[in-house]
Protein chains: 2
Amino acid sequence: MATLAQHQHSPDDTIHGHGLRMTGQRRAVYDVLMGERNHPTAVEVFTKVRGQVPNISLATVYNCLETLTDCGLVKIVTHERGPSRYCPNLKDHAHFFCDSCGEVSDLPLRARKRPQDVWEVPENITISHHQVAFRGECPKCAKKKNLKSEARNPKSK
Amino acid sequence: MATLAQHQHSPDDTIHGHGLRMTGQRRAVYDVLMGERNHPTAVEVFTKVRGQVPNISLATVYNCLETLTDCGLVKIVTHERGPSRYCPNLKDHAHFFCDSCGEVSDLPLRARKRPQDVWEVPENITISHHQVAFRGECPKCAKKKNLKSEARNPKSK
DNA sequence: CACCTTATCAAGAACAATTCCTATTTAAGT
DNA sequence: ACTTAAATAGGAATTGTTCTTGATAAGGTG
Ligand SMILES: [Mn+2]
Ligand SMILES: [Mn+2]
Ligand SMILES: [Zn+2]
Ligand SMILES: [Zn+2]
């Protein structure tokens, strides 16, 4: 079941508040995102949501994702030239992309910190958004690699 | 290795160091990037570089940009779903994108600061890269907008 | 210089992700 | 039930990029 969005409103109320309807397709797309918080691509959402709405089209999935994004229920996440991914975590956060397994995870903003503390942003420019992506190797992949190199050379420290 | 580029070597040496040749096309592409530090797209580089090498092809521009990137002479900059842009500033920096005029500018990293100071990055993950983008309104566009609203309502404070 | 071997190139086809178009269906409001 | 606008499915079109291929150019060698 879909949990409530951020504050007092259900996703239905949020969508209605934008003068739009909560349709079966929109709910199914939203539920997939809330269910697997893996930052799926549109195509991944599409294949998943077909289990619920067997003849939804990919264009509709794109439309639903755009609508949900416009209503502020999900965020779109882009990374280099890969396909866009979608995230229902509305808190301010950055993303980590593992180069070996492709996993995407959330990195919360530290309390009382702002990106402007790290980069010199001139006073006279107005910031409305920021997007921060880290790349590297996740702990799982690092461990896997260590096991392999041990097997290859058992005496290595 | 790529890091040599900043220091004692010319771009020619850097490219040779990778077992490649500095051709007319590659130099022309590199010169365009060094000349206008506007973070041009591949197509913008293409039209510009045609002044020097009239029948260079777009595919070759893409190839040159990829080669220069692989050699560490330029960086590729992606932003949301727009076309990739290219940047010859090798220092660690973030980018600001003006929503009204499309201008892209560099924001230097503050001394002795790291992105990890602002986002909670678990100890056991290895960071190899980060990419940081800010969006908003540049000073020029803000001023323009102010002038317009003054003209519309001369008495407004 | 003539010859060989590769790297590089131009041109266009192919590709992946996304957006657009249009006829049909669905839902709200009366 | 009737009217009207919103939403959908399916497919075509677009955009930015990569791939393929045959022709050229550049270094190295004798
Ligand atoms: Mn996220
Ligand atoms: Mn830059
Ligand atoms: Zn991993
Ligand atoms: Zn501007």
Side-chain angles (χ1 to χ4, degrees), chain A residues 11-30 32 39-47 49-71 73-86 102 104, chain B residues 11-30 32 39-71 73-86 97 102 104:
Chain A
D12 295 52
D13 291 342
T14 306
I15 287 193
H16 291 149
H18 285 251
L20 303 172
R21 307 171 190 158
M22 176 56 96
T23 64
Q25 287 87 338
R26 285 175 182 161
R27 170 170 305 289
V29 166
Y30 183 68
V32 165
H39 301 88
T41 64
V43 169
E44 287 165 353
V45 172
F46 175 59
T47 52
V49 88
R50 283 220 137 181
Q52 300 304 116
V53 187
N55 48 5
I56 194 173
S57 75
L58 180 56
T60 298
V61 170
Y62 272 106
N63 285 337
C64 291
L65 289 168
E66 187 182 21
T67 302
L68 293 170
T69 304
D70 291 348
C71 292
L73 289 168
V74 312
K75 292 202 223 169
I76 187 166
V77 178
T78 59
H79 182 57
E80 290 166 13
R81 298 229 60 79
S84 300
R85 299 175 169 274
Y86 298 85
V104 184
Chain B
D12 294 53
D13 292 341
T14 306
I15 286 193
H16 291 150
H18 284 251
L20 302 173
R21 305 172 190 155
M22 177 54 98
T23 64
Q25 287 87 338
R26 284 173 182 162
R27 169 168 306 289
V29 166
Y30 183 68
V32 165
H39 302 87
T41 64
V43 170
E44 287 165 354
V45 172
F46 175 58
T47 51
K48 197 82 187 178
V49 89
R50 283 220 137 180
Q52 301 303 117
V53 187
N55 49 4
I56 193 172
S57 75
L58 179 56
T60 297
V61 170
Y62 272 106
N63 285 336
C64 292
L65 290 168
E66 186 181 21
T67 302
L68 293 170
T69 304
D70 292 347
C71 293
L73 289 167
V74 312
K75 292 201 224 171
I76 186 165
V77 179
T78 59
H79 182 58
E80 291 166 11
R81 298 230 60 77
S84 300
R85 299 177 167 273
Y86 298 85
F97 299 82
V104 184

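Throughout, protein chains are lettered first and strands after them, A, B, ... in sequence-line order, and every chain is numbered starting at 1. Bear in mind the structure is a predicted one, so any value in this text is a computation, not a measurement.
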Engineer: Taking the side chain as everything from C-beta on, heavy atoms only, tell me whether B:Thr60 gets closer than 4.5 Å to B:Val29.
Structural biologist: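 No, too far: nothing below the 4.5 Å cut-off.
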Engineer: At under 4.0 Å between heavy atoms, what does B:Asn55 touch on the DNA or RNA strands: base, sugar-phosphate, or nothing?
Structural biologist: sugar-phosphate
Engineer: Contact class for B:Ser84 (heavy atom, under 4.0 Å): base, sugar-phosphate, or nothing?
Structural biologist: sugar-phosphate
Engineer: To the nearest Å, give me how far apart CD (A:Glu44) and P (C:dA16) are.
Structural biologist: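 Those two atoms, CD and P, are 15 Å apart.
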Engineer: Is the backbone of A:Asn63 close enough, under 3.5 Å, to the side chain of A:Glu66 for a donor and an acceptor to pair up by distance?
Structural biologist: no
Engineer: Go through DNA chain D in 5' to 3' direction and return only the first and the last nucleotide with some atom under 4.0 Å of chain B's heavy atoms.
Structural biologist: D:dG16 to D:dA26
Engineer: Does some side-chain heavy atom of B:Val61 sit less than 4.5 Å from a side-chain heavy atom of B:Ile56?
Structural biologist: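 They are in contact (side-chain heavy atoms under 4.5 Å apart), so the answer is yes.
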Engineer: Identify each donor-acceptor pair in which a side-chain atom of residues 20-27 of chain B lies under 3.5 Å from a protein atom, sequence neighbours left out, and give them as a table.
Structural biologist:
unit_1, atom_1, unit_2, atom_2, d
B:Thr23, OG1, B:Arg26, N, 3.2
B:Arg26, NH1, B:Arg21, O, 2.7
B:Arg27, NH2, B:Asp12, OD1, 2.5
B:Arg27, NH2, B:Asp12, OD2, 2.7

Engineer: Do B:Asp70 and B:His18 have side chains that get closer than 4.5 Å, going by heavy atoms?
Structural biologist: no
Engineer: If you assign each of B:His16 and A:Leu58 to its closest nucleotide in DNA chain D, which residue comes earlier from the 5' end?
Structural biologist: A:Leu58
Engineer: Does NZ belonging to A:Lys75 count more than 12 external heavy atoms closer than 6.0 Å?
Structural biologist: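 Yes, enclosed.
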Engineer: Whole-Å distance between C:dT25 P and A:Ile56 CD1?
Structural biologist: 17 Å
Engineer: Is the shortest heavy-atom distance from the side chain of B:Val77 to the side chain of B:Phe97 under 4.5 Å?
Structural biologist: yes
Engineer: Side chains of B:Thr78 and A:Arg81: do they bring a donor and an acceptor to under 3.5 Å?
Structural biologist: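 No.
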Engineer: I'd like a table of atom pairs between the protein and nucleotides 2-8 of chain C - only N or O on both sides, under 3.5 Å - with the distance next to each one.
Structural biologist:
unit_1, atom_1, unit_2, atom_2, d
C:dA7, O4', B:Arg21, NH2, 3.0
C:dT8, OP1, B:Arg21, N, 3.0
C:dT8, OP1, B:Arg26, NH1, 2.5
C:dT8, OP1, B:Arg26, NH2, 3.4
C:dT8, O5', B:Arg26, NH2, 3.4

Engineer: Is it true that, when you exclude A:Glu80 itself, more than 12 heavy atoms of the residues, nucleotides or ligands shown sit nearer than 6.0 Å to its CD?
Structural biologist: yes
Engineer: To the nearest Å, give me how far apart CG (B:Asn63) and P (C:dG12) are.
Structural biologist: 16 Å
Engineer: Does A:Tyr62 make a side-chain N or O approach to OP1 or OP2 of C:dT18 shorter than 4.0 Å?
Structural biologist: yes
Engineer: On DNA chain C, check which nucleotide each of A:Ala59 and A:Val43 is closest to and give me the residue with the more 5' one.
Structural biologist: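 Per heavy-atom nearest nucleotide, the more 5' residue is A:Val43.
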